[in-house]
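A short write-up of the structure that comes next.
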Amino acid sequence: MSYICPLCNGLANLNSSCPDCGTVLENMGKKEDYAGPYSPYGSIDQFTSVIYKHAALGCEHVAQCPHCHEAYIYRVNAVQTP
C-alpha cells in the first residue's frame, strides 16, 4: 500500500478560513520544509516514511492568512493509491 498527500501532489486545494478574520488561508507548504538540514527533528525522509506508514496521521501543512498574517498548522489526511 502506498499513501500520498493530496495537497503535496496537487490533487486538492486548501479550503480553510482564518478563525480570526474569515479570509481564505494560503498553503505555504509542508511543515517539515521549514526545518533546516541540521534540524534536531530528524530528516524529512524519516518523517515522511512515518506519516505514510500511519496514514491516519496525514501530512501537516503551514497555512497563513494573507490579511492578518497568522500561521496555522493544517493536517491533511493521506489518501491510498492503487
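Only a predicted model underlies this, so the values are computations on that prediction, with no experimental measurement involved. This chain uses plain numbering: 1 for the first residue, then up along the sequence.
The shortest side-chain heavy-atom distance between Asn13 and Asn27 does not fall under the 4.5 Å cut-off. No side-chain heavy atom of Gln64 sits less than 4.5 Å from a side-chain heavy atom of Glu70. Side chains of His61 and Cys8 form a contact here, defined as non-hydrogen atoms less than 4.5 Å apart.
At a cut-off of 3.5 Å, with distance as the only test, a side-chain donor of Tyr72 or Asp20 sits close to an acceptor on the other residue.
The CG atom of Leu25 sits 5.0 Å away from atom OG of Ser16, with the distance rounded to the nearest 0.5 Å. Between atom CG of residue Asn9 and atom CD1 of residue Ile4 there is a gap of 4.5 Å, rounded to the nearest 0.5 Å. Here Asp33 contributes atom CG and Lys31 contributes atom NZ; the two are 12.0 Å apart, rounded to the nearest 0.5 Å. Remark: His69 NE2 to Cys21 SG distance equals 9.5 Å, nearest 0.5 Å.
Between Glu60 and Glu32, the shortest heavy-atom distance links the atoms O-OE1, 4.3 Å. Here the closest non-hydrogen pair linking Val62 and Ala71 is CG1-CB, 4.2 Å. Summarising the geometry of Ala12 relative to Leu7, their closest heavy-atom pair is O-CD2, 3.2 Å, with the distance given to 0.1 Å. Here the closest non-hydrogen pair linking Cys65 and Thr23 is SG-CB, 3.9 Å.
Residue Val76 is grouped with residue Leu14 when hydrophobic side chains (ILVMFWY) are merged at heavy-atom distances under 4.5 angstrom, including chains of intermediate members.
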Subject >> Verdict with reasoning, Cys18 to His67, per side-chain contact (heavy atoms from CB on, under 4.5 Å) >> reply: CA-CA 9 Å; Cys18 178; His67 181 262; over 6 Å; no

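Although no hydrogens or angles enter the test, the distance criterion places a donor-acceptor pair under 3.5 Å between the side chain of Thr81 and the main chain of Ser2.
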